[in-house]
Amino acid sequence: MLKNMFKKTYTLIDMKYRGQTPQEPNIPEGLWRKCRKCGQPIYAEDVKNNYYICPKCKAYFRVHAMRRIEITADKGSFQEWNREMEFSNPLDFPGYEEKVQAAREKTRLNEAVVTGQCLIDGEKAAIGVCDARFLMSSMGHVVGEKITLMVERATKEGLPVILFACSGGARMQEGCVSLMQMAKTSGALKRHHEAGHLFVSVLTDPTTGGVTASFAMLGDIILAEPKALIGFAGPRVIQQTIGQKLPEGFQRSEFLVEHGFVDRIVPREEMKETLGKILRMHRSQETAGPGQDVENGGGIVDSGRNNVDIATQRDASPEGEKTAWEHVLLSRKADRPVAGDYIDQIFDDFMELHGDRYFGDDGAIIGGIAMFHGKPVTVIGQQKGKTTKENISRNFGMPSPEGYRKALRLMKQAETFGRPVICFVDTPGAFCGIEAEERGQGEAIARNLFEMSDLKVPVLSIVIGEGGSGGALAMAVANEVWMMENAVYSVLSPEGFASILWKDSKRADEAAGVMKVTARDLRKLGIIEEIIPEREPADGENLKEIAGEMDKRIEVFLEKYKEKSSEELQNQRYNRFRGI
């Protein structure tokens, strides 16, 4: 009987959308939802069970604040903070109180944001969720105050903050008082950040105006739902101002990832799992040191590798009879493993983060957070491609300014949360082109050298292929620098050296020998600390074996440096380069 009722109801709605007149117009209220994108009627229960995503066209419905909490927080764990807040009308704006009252009755909320604390996959966090039904979740005094109170309490209690942004911007009826909420919420988040706590911003559709220009874009990690509208000025305003049609996808989530402002896009059905993973990685910073297993209560991992005799392995594999030029050619081989290969082999749960927050996301550098033997670390690598198409998308491993700025952003984030930094160096050199110069290539590299010299966490850099000039050094101001046996590290390419000094680039093989570019040469010069042996030149066949060797050495490195204070780490790194 129930099945027949649903079928009958669907037929009625279908007739309605086809322009036909149904004989029985009464449809049970709340039983169906209409998708804004495809216009199709959908059974409301199907929408709810599908994370409020249209099962027909995959469009995202906007989610009420309490529904968002329901699909994000562990069941029964949410505790609301500051549920009731006193209304204010600072400009005595006519009709404003009535508008707010109407919104309260419609939404059953006190204001346009709900705040509190909850568990997400067992991890405790403060959470705030904007609700677009309430005056388009515009930010007035009460919204700013609720968010600020939440952040202040989270700072006091040592909690991470997660904020789901959704807003039309400032609340016009409150004038400059609304504008001041941008500064107030940002100031609270600055104190939260300085106290060493995590802030994850989640951008949903739409996030615009003063919210975008304040708390929404200040996350240590910024996530976004697919195809969400995100921007300062709305697209209609921009189009009217410049008199031009905007490009397809302008100001959508994907646009912001491409332009370096969002770390990653997370489908709604994966959001809770992703947030839980991020929270675990940051929570474990306070409870586990290198070599400890967070999942098993922080006990020492018995990996069978804790008694590695690194002293006997520093020069474990001789170079044999290979010439310096042969090493150069091996470092450039197309089948040589790249940074991503080693990251996948050595680390668990790698979560790539994107963008420099200034201009773009450079595919020549990959980076993010990962777990190493139960300990969170920041991993960054210069990434070449394996096919022509991949190499073009990654600019053949030659980073642009935004690549170096992304790397530095991730290093500073690691410093904030006490994570060691591990870098994989593999580049012919920094990209030299008109656009790179326009965007400040020299400044970007110099800034990395400046900031890396003073990082308060252990830094390890491993040259896995080519270490080309300042483009490589910008990822290698470390407490220790290691090289793979067939890697090279040089002031510039042998071809460039021969061309400049001898006016003959064909003498590159001769130049390679003169330049002392091999791991063995640089070990003797005190430029590097260790050589990772390649019993056979690295390729896909022996990747696992070489990665296993790296794993053992990285474990020893982290154990060695974990007890050093930030001042000791800074001084050791300074003196390392001071002595060269």
Side-chain angles (χ1 to χ4, degrees), residues 27-36 42-54 60-90 93 95-120 125-151 153 161-174 178 181 185 202 204-208 211 215-216 225 228 268 271-272:
I27 300 168
E29 187 177 351
L31 190 61
W32 299 90
R33 298 280 299 271
K34 179 184 175 183
C35 176
R36 289 183 304 144
I42 308 154
Y43 183 38
E45 194 66 21
D46 288 343
V47 175
K48 180 179 179 181
N49 293 337
N50 198 41
Y51 295 91
Y52 300 90
I53 303 170
C54 176
Y60 277 43
F61 287 83
R62 290 177 184 168
V63 182
H64 303 172
M66 297 310 297
R67 296 286 182 271
R68 176 78 70 178
I69 291 167
E70 185 180 285
I71 62 177
T72 304
D74 294 352
K75 189 173 181 178
S77 68
F78 178 67
Q79 300 171 30
E80 189 168 357
W81 293 347
N82 303 304
R83 179 181 177 84
E84 299 299 326
M85 299 284 287
E86 187 178 347
F87 170 78
S88 66
N89 186 359
F93 195 90
Y96 179 39
E97 186 171 357
E98 289 77 8
K99 273 186 173 292
V100 170
Q101 186 57 39
R104 285 177 172 177
E105 292 172 3
K106 175 185 176 183
T107 64
R108 299 181 184 176
L109 299 176
N110 176 263
E111 251 293 350
V113 66
V114 175
T115 62
Q117 71 176 44
C118 68
L119 297 177
I120 301 175
I127 186 170
V129 183
C130 296
D131 195 314
R133 297 175 301 160
F134 201 112
L135 301 185
M136 204 46 227
S137 194
S138 50
M139 185 162 66
H141 166 260
V142 177
V143 170
E145 185 68 13
K146 285 190 78 168
I147 290 173
T148 300
L149 287 171
M150 177 191 70
V151 173
R153 181 168 172 178
V161 167
I162 296 171
L163 256 171
F164 285 85
C166 174
S167 179
R171 190 167 293 180
M172 297 297 100
Q173 294 92 335
E174 295 190 22
S178 174
Q181 306 312 307
T185 55
V202 185
T204 71
D205 182 68
T207 301
T208 59
V211 167
F215 68 82
E225 289 193 326
R268 187 174 287 166
M271 186 63 73
K272 179 177 180 177

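We number each residue from 1, following the sequence as shown.
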Asks: Indicate yes or no: at least one non-hydrogen side-chain atom of Arg68 is less than 4.5 angstrom from one of Cys166.
Replies: no
Asks: Work out which heavy atom in Ser137 is nearest to a heavy atom in Cys130; give both atom names and the distance.
Replies: OG-CB, 3.0 Å
Asks: So with a 6.0 Å cut-off around CZ of Arg104, is the heavy-atom count from everything else above 12?
Replies: yes
Asks: Distance from Thr115 atom OG1 to Glu80 atom CD, nearest 0.5 Å?
Replies: 6.5 Å
Asks: I need the minimum non-hydrogen distance between Leu109 and Phe134, along with the two atoms involved.
Replies: O-CE1, 3.6 Å
Asks: Working to the nearest 0.5 angstrom, can you tell me the gap between Ile127 CD1 and Ser77 OG?
Replies: 8.5 Å
Asks: Going by the side-chain contact (heavy atoms from CB on, under 4.5 Å) test, name the single residue among Glu111, Met85, Glu86 that passes it with Glu145.
Replies: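 One option only clears the test, and that one is Met85.
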Asks: Is it the case that the side chain of Thr107 and the backbone of Arg133 share a donor-acceptor pair, with hydrogens and angles ignored and the cut-off at 3.5 Å?
Replies: no
Asks: For the residue pair Cys35 and Ile42, establish whether any side-chain heavy-atom pair is separated by less than 4.5 Å.
Replies: yes
Asks: Find the distance between SG (Cys54) and NZ (Lys34) and round it off to the nearest 0.5 Å.
Replies: 12.0 Å
Asks: Do we see a donor-acceptor contact under 3.5 Å between the side chains of Asn110 and Glu84?
Replies: yes
Asks: Quick one: does Val100's side chain get under 4.5 Å of Phe87's, heavy atoms only?
Replies: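 Counting from C-beta outward, Val100 and Phe87 do come under 4.5 Å.
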Asks: Would you say the side-chain atoms of Asp131 pair up with the backbone N or O of Ala65, donor to acceptor, closer than 3.5 Å?
Replies: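 Answer holds: yes.
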Asks: Of all the heavy-atom pairs spanning Ala165 and Thr207, show the shortest one and how long it is.
Replies: O-OG1, 3.2 Å
Asks: To the nearest 0.5 Å, what is the distance between CG on Asp74 and CD1 on Ile69?
Replies: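 Rounded to the nearest 0.5 Å, the CG-CD1 separation comes to 13.0 Å.
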Asks: Above 12 or not: heavy atoms from other molecules or residues under 6.0 Å from CD of Glu98?
Replies: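 Yes, CD of Glu98 has more than 12 neighbouring heavy atoms, counting only those of other groups under 6.0 Å.
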Asks: Looking only at non-hydrogen atoms, find the nearest pair between Ser178 and Gly140 and report the distance.
Replies: OG-CA, 4.3 Å
Asks: Working to the nearest 0.5 Å, report the span between SG of Cys118 and NZ of Lys75.
Replies: 15.5 Å
Asks: Looking at side-chain heavy atoms only, is the closest gap between Met139 and Arg171 below 4.5 Å?
Replies: no
Asks: For Val161 and Met150, what are the C-alpha separation, side-chain angles and deciding distance, and is it a side-chain contact (heavy atoms from CB on, under 4.5 Å)?
Replies: CA-CA 8 Å; Val161 167; Met150 177 191 70; 3.8 Å; yes
Asks: Less than 4.5 Å apart, any side-chain heavy atom of Gln101 and any of Glu105?
Replies: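 Side chain of Gln101 against side chain of Glu105, heavy atoms only: contact under 4.5 Å found.
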Asks: Give a yes or no on whether the backbone of Pro90 and the side-chain of Ser88 come within a donor-acceptor separation of less than 3.5 Å.
Replies: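 Not a single qualifying donor-acceptor pair exists.
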Asks: If you apply the rule side-chain contact (heavy atoms from CB on, under 4.5 Å), what do you find for Thr204 with Arg268, and how did you get there?
Replies: CA-CA 10 Å; Thr204 71; Arg268 187 174 287 166; 5.9 Å; no
Asks: side-chain contact (heavy atoms from CB on, under 4.5 Å) between Ile147 and Phe215: does it pass, once the steps are laid out?
Replies: CA-CA 9 Å; Ile147 290 173; Phe215 68 82; 3.6 Å; yes
Asks: Does Phe78 reach the side chain of Val114, with side-chain heavy atoms less than 4.5 Å apart?
Replies: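 Yes; the side chains approach each other to less than 4.5 Å.
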Asks: Going from CE on Met271 to CD1 on Ile162, what distance comes out if it is rounded to the nearest 0.5 angstrom?
Replies: 9.5 Å
Asks: Hey, mind stepping through Lys272 and Glu70 against salt bridge (Lys or Arg N to Asp or Glu O under 4.0 Å) and telling me if it holds?
Replies: CA-CA 10 Å; Lys272 179 177 180 177; Glu70 185 180 285; over 6 Å; no
Asks: Could you check Glu174 against Phe93 for side-chain contact (heavy atoms from CB on, under 4.5 Å), going step by step and ending with a plain yes or no?
Replies: CA-CA 8 Å; Glu174 295 190 22; Phe93 195 90; over 6 Å; no
Asks: For a quick test of reading the model, state the closest non-hydrogen atom pair linking Gln173 to Lys99 and the distance between them.
Replies: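 For Gln173 versus Lys99, the nearest heavy atoms are NE2-CD, 3.7 Å.
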